[in-house]
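Report on the structure given below.
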2 protein chains.
Amino acid sequence: MGTTLKPAGETRAADVLARMRADIISCTLKPGAKLRFEALREMYEVSFSTLREALSRLVAEGLVVAEGQRGFLVAPVSLFDLNDLTDVRVLVERQCIKLAIDRGDDRWEADIMASFHRMDRLQSRLGASYYLSDEWAALHGAFHFSLVTACGSPNLLEIRQKLFERAHRYRRMSSQFRPQWRAKDVEHKMIMDRVIARDTTMAQDLVDRHIRETTENVIAHASHLFAQGGLGDRSSGADPVAAE
Amino acid sequence: MGTTLKPAGETRAADVLARMRADIISCTLKPGAKLRFEALREMYEVSFSTLREALSRLVAEGLVVAEGQRGFLVAPVSLFDLNDLTDVRVLVERQCIKLAIDRGDDRWEADIMASFHRMDRLQSRLGASYYLSDEWAALHGAFHFSLVTACGSPNLLEIRQKLFERAHRYRRMSSQFRPQWRAKDVEHKMIMDRVIARDTTMAQDLVDRHIRETTENVIAHASHLFAQGGLGDRSSGADPVAAE
DNA sequence: AAGTTTGATTATTTCGAAAATCCGCATTAA
DNA sequence: TTAATGCGGATTTTCGAAATAATCAAACTT
């Protein structure tokens with residue numbers, strides 16, 4: 001612990017943003033919890049304005065919700081949100097995979113294999129409880145990212161990334177209850193093979209199933225932690241009118 | 001002009017956010033322009049912190065980009081971004097239409113017809129230059145929104161809305177050069193008819209073409225205003241690693 | 001002349017106090 | 001008892017000044 005030293009080049013707001021995002025995803029800040037400024041100011045050692053900036057960005061990322069002029073809340077989790085999130089992820093990820101296979105070059109293939117290898121090695125080293133490790137989660141994220149980088153669409157990738165992080169919070173919620181993750185590593189290898197073989201249809205279907213099965217696992221093991229009601233929040237439900 | 005009165009219930013930051021968003025979309029704040037705090041403070045009559053909050057949210061919406069610790073820029077426009085944005089919009093909008101047709105009820109149909117009627121009436125009243133009117137743009141946005149509200153996916157709708165607003169800026173850029181918009185009103189009616197007839201495939205294709213043709217129009221009339229280089233910005237190109 | 005350091009200027013980022021708002025509770029009236 | 005009103009404490013929101021970082025140009029060295 002001690003005083004956090006300067007984050008090397010980054011602005012302090014960006015540093016707080018990253019730390020808060022990690023804390024929300026890891027459920028150190030619990031879903032639905034009220035975020036009181038005084039407490040956060042102490043926790044992250046920054047001022048009101050800086051906090052407010054980080055909070056504002058997290059709102060746009062969907063990890064925090066703003067309640068009028070009554071402060072901020074960690075975005076609640078719910079069965080409805082998880083299912084919706086999963087459907088949108090499948091749509092986006094299928095398209096990313098398709099485009100990446102169409103457009104990817106040799107370097108892209110090499111990056112995928114390298115990313116898989118890093119993830120796979122750490123998995124072996126960590127043994128049965130690899131899925132609890134934040135380090136493994138990072139490599140897992142990097143592997144899935146490597147599959148789709150070559151899609152060539154910055155907009156799609158940015159949307160994908162935000163959805164992935166929100167889904168990661170759900171995965172994380174269930175991992176503490178799951179004694180061992182079933183053979184996800186085999187799935188990863190199969191996906192990699194089909195992607196590099198440029199088998200678009202099969203690769204898409206595998207990724208689709210990969211996402212949906214993970215969601216089913218979360219529901220089976222962690223849905224008892226979700227907010228009551230089923231269709232949780234109304235939150236930022238998109239405003240009908242655009243400008244002016 | 002004059003002093004802007006209290007925005008009735010809304011927080012001031014939210015008010016500034018809405019006004020800046022409108023100004024960016026209408027190109028009152030020009031694409032690529034540097035956003036200096038002192039100038040903005042005067043323009044919107046708020047303090048640094050409040051501005052910073054609005055700016056931060058706009059960054060997450062993709063209408064503003066943050067340059068390290070060198071301030072903020074209005075998000076640049078480019079041919080590459082427009083094409084990418086269009087492709088993503090088509091993907092999302094097709095799915096929204098499909099789901100809405102699957103799930104929409106009678107009230108949804110009625111809302112579509114009402115929205116169309118409002119847009120159509122204003123169009124007649126304004127005559128040839130309706131597309132220059134912000135009021136019409138709002139009703140146009142509301143009509144397209146009404147088509148997809150019933151899709152039942154808050155996440156998809158939120159993504160759609162942000163993409164729609166960014167596309168609106170491009171439409172707006174070209175409208176000043178276009179003496180008359182070709183029969184978009186006929187397209188809108190056709191789309192509405194196919195949606196209400198629950199003809200999913202045809203409705204999707206019409207919306208697809210509607211979006212792509214509009215983009216082609218923008219490219220034909222306004223691409224000379226775009227930033228040089230074609231593939232403009234690297235900006236917030238999604239970070240490979242998720243948490244921690 | 002080209003490139004580098006230095007220092008003054010400008011712009012951004014952070015801070016904590018002041019103002020505005022909300023929430024719970026007691027009091028009053030119906 | 002129930003609903004409405006007003007007060008006190010707690011929390012959020014806004015503000016502008018102080019600290020920090022970047023930019024630009026002139027002086028200096030190679």
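No experiment lies behind these values; they were computed from the predicted model shown. Residue numbers start from 1 in every chain, and the chains themselves are labelled A, B, ... in the order their sequence lines are given, proteins ahead of strands.
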| query | Partners of B/D105 by side-chain contact (heavy atoms from CB on, under 4.5 Å), sequence neighbours excluded? | reply | B/R107, B/W108

| field | Selection: residues 28-38 of chain A, any non-hydrogen atom under 4.0 Å of DNA chain C | value | none

| Does B/E109 have any side-chain hydrogen bond (donor to acceptor under 3.5 Å, both in side chains) partners at least two apart in sequence or in another chain, and if so, which? | B/R198

| task | Using side-chain hydrogen bond (donor to acceptor under 3.5 Å, both in side chains) as the criterion, list what pairs up with B/E93, not counting sequence neighbours. | result | B/R160

| request: Not counting sequence neighbours, which residues clear side-chain hydrogen bond (donor to acceptor under 3.5 Å, both in side chains) with A/R89? List them please. | output: none

| message | Using five base pairs at each end to define the local axes, how bent is the helix from C/dA1-D/dT30 to C/dA30-D/dT1, to the nearest 10°? | response | 20°

| query | Please give, in whole Å, the distance from C/dA20 P to A/Q69 CD? | reply | 13 Å

| said: List the residues meeting side-chain contact (heavy atoms from CB on, under 4.5 Å) with A/R166, not counting sequence neighbours, and say none if there are none. | reply: A/L63, A/D81, A/L85, B/N155

| field | For B/L126, side-chain contact (heavy atoms from CB on, under 4.5 Å) partners two or more places apart | value | B/L122, B/Y130, B/S133, B/W136

| request: Determine the interplanar angle of the A/H144 and A/H140 rings, folded into 0 to 90°, and report it as parallel if under 30°, tilted if 30 to 60°, perpendicular if over 60°. | output: perpendicular

Using nucleotides 23-25 of chain D, report all nitrogen or oxygen pairs with the protein that are shorter than 3.5 Å.
none

| said: Could you tell me how far apart B/L73 (CG) and C/dA11 (C1') are, to the nearest whole angstrom? | reply: 14 Å

| remark: Between CZ of A/R41 and P of C/dC15 the distance, given in whole Å, is 9 Å

| request: Nearest whole angstrom, please: distance from the P of D/dA18 to the CZ of A/F48. | output: 19 Å

| message | According to side-chain contact (heavy atoms from CB on, under 4.5 Å), who are the partners of A/R212, at least two apart in sequence or on a separate chain? | response | A/T86, A/D87, A/V90, A/D208

| task | Looking only at side-chain atoms of B/F72, point me to the closest of C/dC15, D/dT13, C/dT13. | result | C/dT13

| query | Whole Å only: how far is the CD atom of B/E53 from the P atom of D/dT14? | reply | 7 Å

| query | Once you round it to whole Å, what is the distance between P of D/dA22 and CD of A/E10? | reply | 13 Å

| task | Would you kindly give the CG-to-C1' distance between B/L51 and D/dC15, to the nearest whole Å? | result | 12 Å

| query | Between A/Y170 and A/V77, does a side-chain contact (heavy atoms from CB on, under 4.5 Å) hold up when you go through it step by step? | reply | CA-CA 8 Å; A/Y170 283 102; A/V77 292; 3.5 Å; yes

| said: Using OP1 and OP2 only, check whether a side-chain N or O of B/S49 sits under 4.0 Å from D/dG16. | reply: no

| query | Rounded to the nearest Å, what distance is computed from the CD atom of residue A/E67 to the C1' atom of nucleotide C/dC23? | reply | 14 Å

| field | By side-chain hydrogen bond (donor to acceptor under 3.5 Å, both in side chains) - contacts of A/E42 (at least two apart) | value | none

Under 3.5 Å, which donor-acceptor pairs link side chains of residues 30-38 of chain B to any protein atom two or more places apart or in another chain?
{"unit_1": "B/K34", "atom_1": "NZ", "unit_2": "B/R70", "atom_2": "O", "d": "3.1"}
{"unit_1": "B/E38", "atom_1": "OE2", "unit_2": "B/R41", "atom_2": "NE", "d": "3.3"}
{"unit_1": "B/E38", "atom_1": "OE2", "unit_2": "B/R41", "atom_2": "NH2", "d": "3.2"}

